[in-house]
Amino acid sequence: MGIRIVLDCPAAGQSKTIRMPKFSGRVYFSYGQKLDFRLTTGGLVQPAVQNPSDPNRNILFNWSEYTLNDSGLWLNSTQVDMFSAPYAVGVQRADGTTINTGHLKSGGYNAVINGLRGQSGGWGGLVQTRPDGTVLRALSPAYGLETGALPASVLDDYINRVWQKYATATLTVTPFTDQPNTKYYGRVSGGVMNFTNSSGATVTSFQKPDASSVFGCHRLLDAPNDLVRGPISRTLCAGFNRSTLLTNPNQPDASSANFYKDAVTNHYARLIHDRMADGKAYAFAFDDVGNHESLVHDGNPQQAYLTLDPLS
């Protein structure tokens, strides 16, 4: 991220207008106390609440991410790192109409927190509170693994079943919606999933991932900005997080009705999507596979909005 904008939140029912530079960055907001930003020789130190000694650990805050350039505005609400103070994003188009996303259903904030606490398998460990018990946020599963709040083995059963299935079956990946004839075929051999193209040539291979690779969509599921491995890895990452790889050998699965049905799944993402008013969220890095992310975009934006919603 190139720039961060920090502002005092308006009072309840009020608004505040700021001018945004053409850039890619974040807008942070906090409640009750300003965030503590510091500089090092390497640049700005962002809040990192997975670190118990971070000065912002006990502050309720959140942020939105945006890109504004000559091609327009992309603005999203994100839960990739954490689920916290709820808000929605919106944009006004040249014709005066507005689009928005990110609103929770009534009672959705508490429902996500309580859902995690009630989910077996250690998911309640993602919830962070102040010493007085006030709920501040739920860490993403990736950070839950990093801090030990979530067991490292939390996805092992599902990952093992996927690797076993595709030792005797073929996983077909069609990564580009506008290129339906571009397909890659995955089979597991010797513990490695090899992908071939339509000519039978091996184009990339994946070692069996661990939970960190799945939740973070990195490491053993690294997705370089290319036209082969990256798109295949994005699709695999989405399939693992949504637990669709066993039920559908043709990926990506387009229907959200099929997501999170296995008992071993990304319950953090499941709960967040379930409580979103429009079902859209950015609950993991490649939640945009199939356009299930909470994003607004317009090529000629007139105004953009962050709407801070109740903590309920």
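Owing to the predicted nature of the structure, the values given are computational and were not obtained by experimental measurement.
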*Give the minimum heavy-atom separation between G216 and A285, together with the two atoms involved.*
O-CB, 4.4 Å
*For Q251 and T244, does a side-chain donor sit closer than 3.5 Å to a side-chain acceptor?*
yes
*Heavy-atom pair with the smallest gap, counting every atom of M20 and V27*: CE-CG2, 3.4 Å
*Test item: N69 and W74 side chains (from C-beta on) under 4.5 Å apart, heavy atoms*: yes
_From CD1 (I272) to OH (Y260), nearest 0.5 Å_ = 9.0 Å
*Mind checking whether L271 and L155 sit in one hydrophobic cluster, side chains of I, L, V, M, F, W, Y counted as touching below 4.5 Å?*
yes
*Show your reasoning for whether side chain to side chain contact (heavy atoms under 4.5 Å, CB included) applies to Y158 and L246.*
CA-CA 9 Å; Y158 187 81; L246 291 177; 3.5 Å; yes
*Are the side chain of H267 and the backbone N or O of G121 linked by a donor-acceptor pair below 3.5 Å?*
no
*Below 4.5 Å, heavy atoms only, C-beta onward: do V214 and I159 meet side chain to side chain?*
yes
*Going by atom types alone, do S84 and R137 pair a side-chain donor with an acceptor below 3.5 Å?*
no
_Minimum-distance pair of heavy atoms, taken over all atoms of V45 and F37_ = O-CD2, 4.0 Å
*Quick one: does L245's side chain get under 4.5 Å of F240's, heavy atoms only?*
yes
*Would you sort out whether Y268 and S140 count as a side chain to side chain contact (heavy atoms under 4.5 Å, CB included), showing the intermediate values?*
CA-CA 7 Å; Y268 171 90; S140 71; 4.3 Å; yes
*Within the side chain of Y143, is there an N or O that forms a donor-acceptor pair under 3.5 Å with the backbone of A138?*
no
*Contact check, side chains of S24 and Y66, non-hydrogen atoms, under 4.5 Å*: no
*What are the two closest heavy atoms between V49 and Q128, and how far apart are they?*
O-NE2, 3.1 Å
_Would F83 and T78 count as a side chain to side chain contact (heavy atoms under 4.5 Å, CB included) here? Give the steps._
CA-CA 8 Å; F83 173 80; T78 177; over 6 Å; no
_If we ignore hydrogens and angles and just use 3.5 Å, is the side chain of D210 paired with the main-chain N or O of S213 as donor and acceptor?_
yes
*asked:* Taking R38 first and then D36, would you say they form a salt bridge - that is, a charged N and a carboxylate O separated by under 4.0 Å?
replied: yes
*Any side-chain donor-acceptor pair under 3.5 Å between D309 and H103?*
yes
*Sequence neighbours excluded, which residues qualify as ring pair (Phe, Tyr, Trp, His ring centres under 6.0 Å) partners of F259?*
H292
*asked:* Do T129 and T134 pair up side chain to side chain, a donor and an acceptor below 3.5 Å, judged on atom types alone?
replied: no
*Hey, does the side chain of N56 reach the backbone of I59 with a donor-acceptor pair shorter than 3.5 angstrom?*
no
_Which atom of L220 lies closest to which atom of R229, heavy atoms considered_ = O-NH2, 4.0 Å
*Decide side chain to side chain contact (heavy atoms under 4.5 Å, CB included) for H273 and S256; before the verdict, give the C-alpha distance in whole Å, the side-chain angles of both, and the deciding distance to 0.1 Å.*
CA-CA 10 Å; H273 277 279; S256 60; over 6 Å; no
*Find the distance between CG (L308) and OG (S64) and round it off to the nearest 0.5 Å.*
10.5 Å
*F206 pairs by side chain to side chain contact (heavy atoms under 4.5 Å, CB included) with which of I232, V188, N194, V192?*
I232
*Grab the two heavy atoms, one from A269 and one from F284, that are nearest each other, plus how far apart they are.*
CB-CD2, 4.3 Å
*Exam field: side chain S255 to backbone A257, donor-acceptor pair closer than 3.5 Å*: yes
*Nearest 0.5 Å please: distance from the CD atom of E293 over to the CG atom of D288.*
5.0 Å
_Less than 6.0 angstrom separating the ring centers of Y87 and F29, yes or no?_
yes
*asked:* Between S199 and A201 (side chain of the first, backbone of the second, donor and acceptor by atom type, cut-off under 3.5 Å), is there such a pair?
replied: no
*If you round to the nearest 0.5 Å, how far is OG1 of T170 from CZ of F195?*
10.0 Å
*Side chain proximity check, M193 to L171, heavy atoms < 4.5 angstrom*: yes
*Do any N or O atoms from the side chain of Q79 and from the backbone of Y282 form a donor-acceptor pair under 3.5 angstrom?*
yes
_I'd like to check C237 versus N241 (side-chain heavy atoms, cut-off strictly below 4.5 Å). Are they in contact?_
yes
*Any ion pair linking R242 and D253 (charged N to carboxylate O, less than 4.0 Å)?*
no
*asked:* Rounded to the nearest 0.5 Å, what separates atom CZ in R275 from atom NZ in K105?
replied: 5.0 Å
_Main-chain N/O of A169 paired to R187 side chain as donor or acceptor, under 3.5 Å_ = yes
_With clusters defined by side-chain heavy atoms of hydrophobic residues (ILVMFWY) lying less than 4.5 Å apart, directly or transitively, does V80 cluster with L236?_
no
_Can you tell me how far apart NZ (K165) and OG1 (T247) are? Round to the nearest 0.5 Å._
8.5 Å
*asked:* Quick one about S294 and N76 (side-chain donor to acceptor, distance below 3.5 Å, no hydrogens or angles considered), yes or no?
replied: no
*Side-chain heavy atoms under 4.5 angstrom apart, residues restricted to Ile, Leu, Val, Met, Phe, Trp, Tyr: same cluster for L221 and V203?*
yes
*With the threshold set at 4.0 Å, does a side-chain nitrogen-carboxylate oxygen contact exist between D157 and R161?*
yes
_Less than 3.5 Å apart, any donor N or O on the side chain of T265 or R270 sitting next to an acceptor on the other?_
no
_Using side-chain heavy atoms (C-beta onward) and a distance below 4.5 Å, is T98 in contact with Y305?_
yes
_Main chain of N300, side chain of Q302: is a donor-acceptor contact present, judged purely on distance under 3.5 Å?_
yes
*Within a strict 4.5 Å, meaning less than it, do heavy atoms of the L73 and H297 side chains meet?*
no
*Mind checking whether F286 and L145 sit in one hydrophobic cluster, side chains of I, L, V, M, F, W, Y counted as touching below 4.5 Å?*
no
*asked:* Looking at W163 and G191, would you say the former's side chain and the latter's main chain have a donor-acceptor pair under 3.5 Å?
replied: yes
_K208-N160 side chain donor-acceptor pair, cut-off 3.5 Å_ = yes
_Does the plane of the ring in F61 sit parallel, tilted or perpendicular to the ring in Y28? Use 30° and 60° as the thresholds._
tilted
*Within a reach of under 6.0 Å around CG of D178, are more than 12 heavy atoms found that belong to other residues, nucleotides or ligands?*
yes
*asked:* My understanding is that only residues two or more places apart in sequence, or in another chain, count here; which of them pass side-chain contact (heavy atoms from CB on, under 4.5 Å) with L311?
replied: L60, A85, P86, Y109
*Can K280 and D287 be counted as an ion pair, charged N to O under 4.0 angstrom?*
no
*For the residue pair D156 and S153, confirm or rule out a side-chain donor-acceptor distance under 3.5 Å.*
no
